[in-house]
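Everything numeric here is computed off the predicted structure, so don't read it as measured data. Just so it is clear: chains get the letters A, B, ... in the order the sequence lines come, proteins before strands, and each one is counted from 1.
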Number of protein chains: 2
Amino acid sequence: MGRNKLPLKKIDNPCRRKITYSKRRDGIIKKATELSVLCDTDVGVLMYSPHGRLTTFSSNGSIEDIFLRYFDQSNEQGGTVEKEGVRSLSLSLSLSLSVLSYGPASVCVYV
Amino acid sequence: MGRNKLPLKKIDNPCRRKITYSKRRDGIIKKATELSVLCDTDVGVLMYSPHGRLTTFSSNGSIEDIFLRYFDQSNEQGGTVEKEGVRSLSLSLSLSLSVLSYGPASVCVYV
DNA sequence: TAAGCTATGTATAAGGA
DNA sequence: TTCCTTATACATAGCTT
């Protein structure tokens, strides 16, 4: 868009790259907001600037909630009963914790 | 965009809502791809369809990698390593378990 | 019912203040 | 810088198949 067509490759000029990042980052957040409102859905976005600065967007609650819902869904493919859901959630939490902490992790759940 | 301007509110007609979701979901993924290429950055997107079907996009590696990078970064900024990420994941897990099981839940984490 | 069309609204690349 | 301006390219709403 704009006066000229940008070729789809990394923008060499760091200044232009930064400007383009800001504009398009805002554009994506706007689109994500619209999608979540129009369709009444959850949307989450994570973006890193060229200098590594993080921007997150989450239409509903925190971005962590969206992560969790992601873990939920990955584990609930089969329409599980509560116990199964609990177990697989625990397993997936263990897994992500062990990666997070670069070591083993265990989780006890009381419901 | 399109023939008429859509008001920014939930689309009532389920059929239209679904169509709009599909088109805009693809649009966001295209924008995210362009952003990541043009600016040489990592971008991750999670979206749920009106029927709860999940779509993820990740410019680089799996969406889990982006999650991890998120936790890493949050923890670098706050000073506390791992513990915060672990705590917020545990809290989220407790919450979701208590909803799943229609009662209180508690979680112990060992890392 | 998914896929294509097109008129129209939106995003944005350059440039300017 | 940070915010306008505006020409242009892009996304998409409603329609058609």
Side-chain angles (χ1 to χ4, degrees), chain A residues 1-61 63 66 69-70 73-74 76-79, chain B residues 1-63 66 69-70 73 76-77:
Chain A
M1 307 143 192
R3 303 299 178 84
N4 294 306
K5 178 170 179 168
L6 261 192
L8 188 57
K9 65 182 198 59
K10 178 176 176 178
I11 298 170
D12 288 327
N13 184 312
C15 184
R16 289 207 171 291
R17 189 162 67 241
K18 189 178 165 189
I19 291 175
T20 293
Y21 176 79
S22 302
K23 290 183 176 180
R24 283 175 174 256
R25 177 200 57 207
D26 295 347
I28 285 182
I29 288 179
K30 185 175 180 189
K31 289 284 185 187
T33 304
E34 290 179 357
L35 181 66
S36 70
V37 172
L38 291 173
C39 301
D40 192 29
T41 59
D42 286 348
V43 179
V45 183
L46 290 169
M47 296 175 281
Y48 293 91
S49 80
H51 293 296
R53 173 189 288 268
L54 175 66
T55 298
T56 65
F57 167 81
S58 167
S59 62
N60 183 5
I63 193 81
I66 304 237
R69 187 166 167 190
Y70 169 79
Q73 177 128 355
S74 316
E76 281 181 5
Q77 301 294 338
Chain B
M1 308 144 192
R3 305 297 178 85
N4 294 307
K5 179 169 180 169
L6 261 192
L8 188 56
K9 66 182 198 60
K10 178 175 175 178
I11 297 169
D12 288 326
N13 183 312
C15 184
R16 289 206 171 289
R17 189 162 69 241
K18 188 178 166 189
I19 292 174
T20 292
Y21 176 80
S22 302
K23 289 182 176 182
R24 283 176 174 255
R25 177 200 56 207
D26 295 348
I28 286 182
I29 288 179
K30 185 175 179 188
K31 290 283 186 189
T33 305
E34 290 179 357
L35 181 66
S36 70
V37 172
L38 291 172
C39 302
D40 193 26
T41 60
D42 284 349
V43 179
V45 183
L46 288 169
M47 297 174 281
Y48 293 91
S49 80
H51 293 297
R53 173 190 287 268
L54 175 67
T55 298
T56 66
F57 167 81
S58 167
S59 62
N60 183 5
S62 69
I63 193 78
I66 303 239
R69 186 166 168 189
Y70 168 79
Q73 177 130 355
E76 281 166 16
Q77 289 175 351

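Atom CG in B:L8 sits about 14 Å away from atom C1' in C:dG9, given to the nearest Å. The interatomic distance linking A:N4 (CG) with D:dT6 (C1') rounds to 13 Å, in whole Å. Atom CG of B:D26 and atom C1' of D:dC10 are 15 Å apart (whole Å). Spacing between atom CZ of B:R25 and atom P of C:dA2 amounts to 11 Å, rounded to whole angstrom units. Counting to the nearest Å, the P atom of D:dA11 and the CZ atom of B:R24 are 12 Å from each other. If you take NZ of B:K5 and P of D:dA11, they are 19 Å apart, rounded to a whole angstrom.
The two residues B:F57 and B:A32 come nearest to each other via the heavy atoms CE2-CB, 3.5 Å. Of all non-hydrogen atoms in A:Y21 and A:R53, the two that sit nearest each other are OH-O, 4.3 Å.
At least one side-chain heavy atom of B:T41 sits under 4.5 Å from a side-chain heavy atom of A:P50. Between A:V45 and B:I28, the closest side-chain pair of non-hydrogen atoms is not below 4.5 Å.
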Protein-nucleotides 4-7 of chain C N/O pairs closer than 3.5 Å?
{"residue": "C:dT6", "atom": "O4'", "partner": "B:R3", "partner atom": "NH2", "Å": "3.4"}
{"residue": "C:dT6", "atom": "O2", "partner": "B:R3", "partner atom": "NE", "Å": "3.0"}
{"residue": "C:dT6", "atom": "O2", "partner": "B:R3", "partner atom": "NH2", "Å": "2.8"}
{"residue": "C:dA7", "atom": "O4'", "partner": "B:R3", "partner atom": "NE", "Å": "3.2"}

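With values rounded to the nearest 0.5 angstrom, B:S59 atom OG is found 12.0 Å from B:I29 atom CD1. Considering CG of B:L38 and NZ of B:K31, their distance stands at 10.0 Å, rounded to 0.5 Å. One finds the CG atom of B:D42 at 10.0 Å from the CG atom of A:L46 (value rounded to the nearest 0.5 Å).
Within residues 30-39 of chain B, the residues having any heavy atom closer than 4.0 Å to DNA chain C are, in order of number, B:K31. Within residues 13-21 of chain B, the residues that place at least one heavy atom under 4.0 Å from DNA chain D are, in residue-number order, B:R16, B:T20.
Counting only residues at least two apart or in different chains, salt bridge (Lys or Arg N to Asp or Glu O under 4.0 Å) contacts with residues 20-30 of chain A comprise A:R24-B:E34.
Between the two ends of the helix from C:dA2-D:dT17 to C:dA17-D:dT2, each summarised by a five-pair axis, the helix axis turns through 30° (rounded to 10 degrees).
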Scan the side chains in residues 3-14 of chain B for donor-acceptor partners under 3.5 Å anywhere in the protein, sequence neighbours excluded, and list what turns up.
{"residue": "B:K10", "atom": "NZ", "partner": "A:D40", "partner atom": "OD2", "Å": "3.3"}
{"residue": "B:N13", "atom": "OD1", "partner": "B:C15", "partner atom": "N", "Å": "2.8"}
{"residue": "B:N13", "atom": "OD1", "partner": "B:R16", "partner atom": "N", "Å": "3.1"}

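Between the side chain of B:S36 and the backbone N or O of B:T33, at least one donor-acceptor pair lies under 3.5 Å.
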